[in-house]
Amino acid sequence: MAMSASSSSRALLRRIGGALLRRSFSASAEAGADSAAAAGYHVAGGPSYMRGAVFWEPGRPLTLEEFQMPRPKAGELLIKTKACGVCHSDLHVMKGEIPFSSPCVVGHEITGEVVDHGTHTPVEIINRFPIGSHVVGAFIMPCGNCFYCVKGQEDLCESFFAYNRAKGTLYDGETRLFLRSNGRPVYMYSMGGLAEYCVVPANALAVLPHSLPYTESAILGCAVFTAYGALRHAAEMRAGDSVAVIGVGGVGSSCLQIAKAFGASEVIAVDVLDEKLQNARTLGATHTVNAAKEDAVERIKEITDGRGVDVAVEALGKALTFAQCTKSVRDGGKAVMIGLAATNVVGEVDITRLVRRQVKIIGSYGARARQDLPQIVKLAESGAFNLQNTISRKCKFEEANGAYEDLNQGKIVGRAVVEIME
């Protein structure tokens, strides 16, 4: 006998419900399997767990927690972290100014030692980064396969923004971090570098020569990486250009050195703290301007015979400094914005001047890891970039929270670096 319409509908719903239940169970089992697999993983002859600094929510201090040893997958490397820079980008996340998944491990400019390769990692990657290699990691970790990566614009990598920045995972949609106590997943800001070990896609790594120290070299992967991208790609800076840098903290002071290395005729440092401006002189600034004591735009124009600079870089992410940056460039000049702002901060610009005087306003976020990171390492190795003078504080892993508090209060002149493993 033919089944009634209502009976047919109920049967169909039961099949759909069963399929959904099986799918849900399968997904849950898969996540549990990932955590269980991580729990059983350890470095040959080494520990099966590690410590990492966890951000839980705005206003709550970072806490050191024990994690299962993070397990790399194909194309990824497990790095024994030696040092991790303390950056304002982390601070924006910790203050809730930029949305990010939590709990998470922050820290995104690292150096370390290769201790393992993910299963099925291509042999050319293993040969390029053998066990024991010293490496530096870039905070933008390009997938190498998306529309932008194929075009050579790895700083716009679709996977990085869709997975890491939007979800706190790597590019299979999974984190590599699980708490040792209960297997709870913890998200990753870039590689989650403020930990004793981290998993990094090979595309984000470059070999660090033994002549360069782990601690000072950590800033190559973000502070210097960002400065290089701003001046090399966004500004397309040429020898003889005049350059102003507004905000000379960790990233801004790196811009001073990159501008000098690229042959800038004038390098003008702008800040509101005399201590930072004094340090800027040692890093290549030919002129300094204290914007708390004089009009920064007028002073920049005085230095450049009334025209303004060829290139101005804004490294703070504030509406006021955005305006100063756009006003301080000459006709046809380039204003490059690299400072991240809190969500919904808006900068204003004189539209008529922008149009008539052909002022170019360009956003720049990092650089291109596979192309640029090896070149940045060469700059540091040649002595064109002074790592020692850029680092103003070194601290222990247990002191990381205090370093971020001091950064928030403006007490760190250049860049602070956390020394993690000996």
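For this chain, numbers begin at 1 and follow the sequence in order.
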Worksheet item: In terms of heavy-atom contacts, does CZ of Arg330 have more than 12 from other residues, nucleotides or ligands at under 6.0 Å?
Response: yes
Worksheet item: Would you say the side chain of Glu314 lies within less than 4.5 Å of the side chain of Gln324, judging by non-hydrogen atoms?
Response: no
Worksheet item: Do Cys255 and Ile338 have side-chain heavy atoms sitting under 4.5 Å apart?
Response: yes
Fill in: Heavy-atom donor-acceptor pair, Ser254 side chain to Gly250 backbone, under 3.5 Å
yes
Fill in: From Glu109 atom CD to Leu194 atom CG, the distance as rounded to the nearest 0.5 Å
11.0 Å
Item to complete: Report yes or no: is the cationic atom of Lys167 (NZ for Lys, CZ for Arg) closer than 6.0 Å to the six-membered ring centre of Tyr163, at no more than 45° off its axis?
Response: yes
Item to complete: Begin with the C-alpha distance, continue with both residues' side-chain angles, and end with the deciding distance and a verdict on side-chain hydrogen bond (donor to acceptor under 3.5 Å, both in side chains) for Ser48 and Gln68.
Response: CA-CA 6 Å; Ser48 60; Gln68 298 163 10; over 6 Å; no
Fill in: Side chains of Thr119 and Lys73 in contact at under 4.5 Å (non-hydrogen atoms)
no
Worksheet item: Does the pair Val417 and Val86 meet the rule for a side-chain contact (heavy atoms from CB on, under 4.5 Å), with working shown?
Response: CA-CA 6 Å; Val417 177; Val86 176; over 6 Å; no
Practice prompt. Answer yes if the side chains of Asp116 and Tyr197 hold a donor-acceptor pair under 3.5 Å, and no otherwise.
Written response: no
Discussion item. I'd like to know if the side chain of Ser102 pairs up with that of Trp56 as donor and acceptor (distance under 3.5 Å, no hydrogens or angles considered).
Written reply: no
Worksheet item: When you look at Asp350 and Lys327, which way does the salt bridge (charged side-chain N to carboxylate O under 4.0 Å, His left out) test go after all the steps?
Response: CA-CA 9 Å; Asp350 181 336; Lys327 292 175 182 177; over 6 Å; no
Practice prompt. Indicate the ring-plane relationship of Phe160 and Tyr365, choosing parallel, tilted or perpendicular according to the 30° and 60° boundaries.
Written response: tilted
Worksheet item: Charged N to carboxylate O under 4.0 angstrom, Arg51 versus Glu398?
Response: yes
Worksheet item: Which pair of non-hydrogen atoms, one from Val329 and one from Arg353, has the smallest distance, and what is that distance?
Response: O-NH2, 2.8 Å
Worksheet item: Is any side-chain N of the basic residue among Arg232 and Asp372 closer than 4.0 Å to the acidic one's carboxylate O?
Response: no
Worksheet item: Can you check side-chain contact (heavy atoms from CB on, under 4.5 Å) on Asn279 and Val248, steps first, answer last?
Response: CA-CA 9 Å; Asn279 186 58; Val248 289; over 6 Å; no
Discussion item. If you count heavy atoms of other groups shown closer than 6.0 angstrom to CD of Glu348, is the number above 12?
Written reply: no
Discussion item. Taking Glu97 first and then Lys95, would you say they form a salt bridge - that is, a charged N and a carboxylate O separated by under 4.0 Å?
Written reply: yes
Worksheet item: After noting the C-alpha distance and the side-chain angles of Ile420 and Cys84, does the key distance pass the side-chain contact (heavy atoms from CB on, under 4.5 Å) rule?
Response: CA-CA 7 Å; Ile420 296 177; Cys84 182; 3.9 Å; yes
Item to complete: Measure across Gly112 and Tyr214 and return the closest heavy-atom pair with its distance rounded to 0.1 Å.
Response: O-CE2, 3.4 Å
Fill in: Steps toward side-chain contact (heavy atoms from CB on, under 4.5 Å) verdict (Glu66, Met50)
CA-CA 6 Å; Glu66 289 189 347; Met50 66 157 194; over 6 Å; no
Practice prompt. State whether the number of non-hydrogen atoms from other residues, nucleotides or ligands found under 6.0 Å of Phe262 atom CZ is greater than 12.
Written response: yes
Worksheet item: What's the shortest heavy-atom distance between Ser242 and Val309, and which atoms?
Response: OG-CA, 3.3 Å
Practice prompt. Salt-bridge test for Glu405 and Lys411: reply yes if a basic N is under 4.0 Å from a carboxylate O, no otherwise.
Written response: no
Worksheet item: When you check the gap from the basic side-chain N to the acidic O, do Arg368 and Glu154 get nearer than 4.0 Å?
Response: no
Worksheet item: Can you name the closest pair of heavy atoms from Val418 and Ala400 and give their distance?
Response: CG2-CB, 4.0 Å
Worksheet item: Is there a side-chain contact between Thr81 and Glu196, using heavy atoms and a 4.5 Å cut-off?
Response: no
Discussion item. What's the separation between atom CD1 in Ile126 and atom CD1 in Ile131, rounded to the nearest 0.5 Å?
Written reply: 8.0 Å
Discussion item. Please check if the number of heavy atoms outside Arg238 that lie under 6.0 Å from its CZ is greater than 12.
Written reply: no
Item to complete: Nearest 0.5 Å please: distance from the CG atom of Leu62 over to the CG atom of Asn401.
Response: 4.5 Å
Worksheet item: Around atom CZ of Arg281, are there more than 12 heavy atoms of other residues, nucleotides or ligands at under 6.0 Å?
Response: yes
Worksheet item: Picking from Val267, Val313, Leu379, what satisfies side chain to side chain contact (heavy atoms under 4.5 Å, CB included) with Ile258?
Response: Leu379
Discussion item. In the structure I gave you, are the side-chain heavy atoms of Met188 and Leu170 within less than 4.5 Å of one another anywhere?
Written reply: yes
Item to complete: Please say which of Lys360, Arg357, Lys301, Arg307 ends up in a salt bridge (charged side-chain N to carboxylate O under 4.0 Å, His left out) with Asp331.
Response: Arg357
Worksheet item: In Å and rounded to the nearest 0.5 Å, what is the CD1 to NE2 distance from Ile303 to His287?
Response: 5.0 Å
Worksheet entry | Heavy-atom neighbours of Tyr49 OH exceed 12 at 6.0 Å | no
Worksheet item: Measuring from Asn164:CG to Thr175:OG1, what's the distance to the nearest 0.5 Å?
Response: 9.5 Å
Worksheet item: Do the charged groups of Glu302 and Arg299 touch, with an N to O distance under 4.0 Å?
Response: yes
Worksheet item: Can you name the residues that form a side-chain contact (heavy atoms from CB on, under 4.5 Å) with Lys394, not counting sequence neighbours?
Response: Thr215, Glu216, Ile391, Glu419
Discussion item. If you define the side chain from C-beta out and look only at heavy atoms, does anything of Val105 sit under 4.5 Å from Phe55?
Written reply: no
Practice prompt. Evaluate the side-chain proximity of Arg71 to Leu78: yes if any heavy-atom separation is below 4.5 Å, no if none is.
Written response: no
Worksheet item: Around Lys260, counting heavy atoms of other residues, nucleotides and ligands shown, do more than 12 lie under 6.0 Å from its NZ?
Response: no
Discussion item. Under 6.0 Å between ring centres: does that hold for Phe178 and Phe67?
Written reply: no
Worksheet, complete the sentence: Nearest heavy-atom contact between Gly317 and Ala341 is O-CB, 3.1 Å
Worksheet item: Going by an N to O cut-off under 4.0 Å, is there a salt bridge joining Arg180 and Glu65?
Response: no
Discussion item. Does atom CD (Glu381) have a neighbourhood of more than 12 heavy atoms from anything else shown, all under 6.0 Å?
Written reply: yes
Item to complete: Among Val224, Thr226, Val136, find the residue that satisfies the side chain to side chain contact (heavy atoms under 4.5 Å, CB included) test when tested with Ile219.
Response: Val224
Worksheet, complete the sentence: On a heavy-atom basis, the closest approach of Ala291 and Val270 is CB-CG1, 4.0 Å
Worksheet entry | Working for side-chain hydrogen bond (donor to acceptor under 3.5 Å, both in side chains), residues Ser133 and Arg128 | CA-CA 9 Å; Ser133 298; Arg128 188 161 76 250; over 6 Å; no
Worksheet item: Parallel, tilted or perpendicular: which fits the ring planes of His108 and Phe139, with parallel below 30° and perpendicular above 60°?
Response: perpendicular
Discussion item. Taking the side chain as everything from C-beta on, heavy atoms only, tell me whether Pro61 gets closer than 4.5 Å to Tyr404.
Written reply: no
Worksheet item: Could you state the interatomic distance from CG (Asp271) to CG (Leu316), rounded to the nearest 0.5 Å?
Response: 6.5 Å
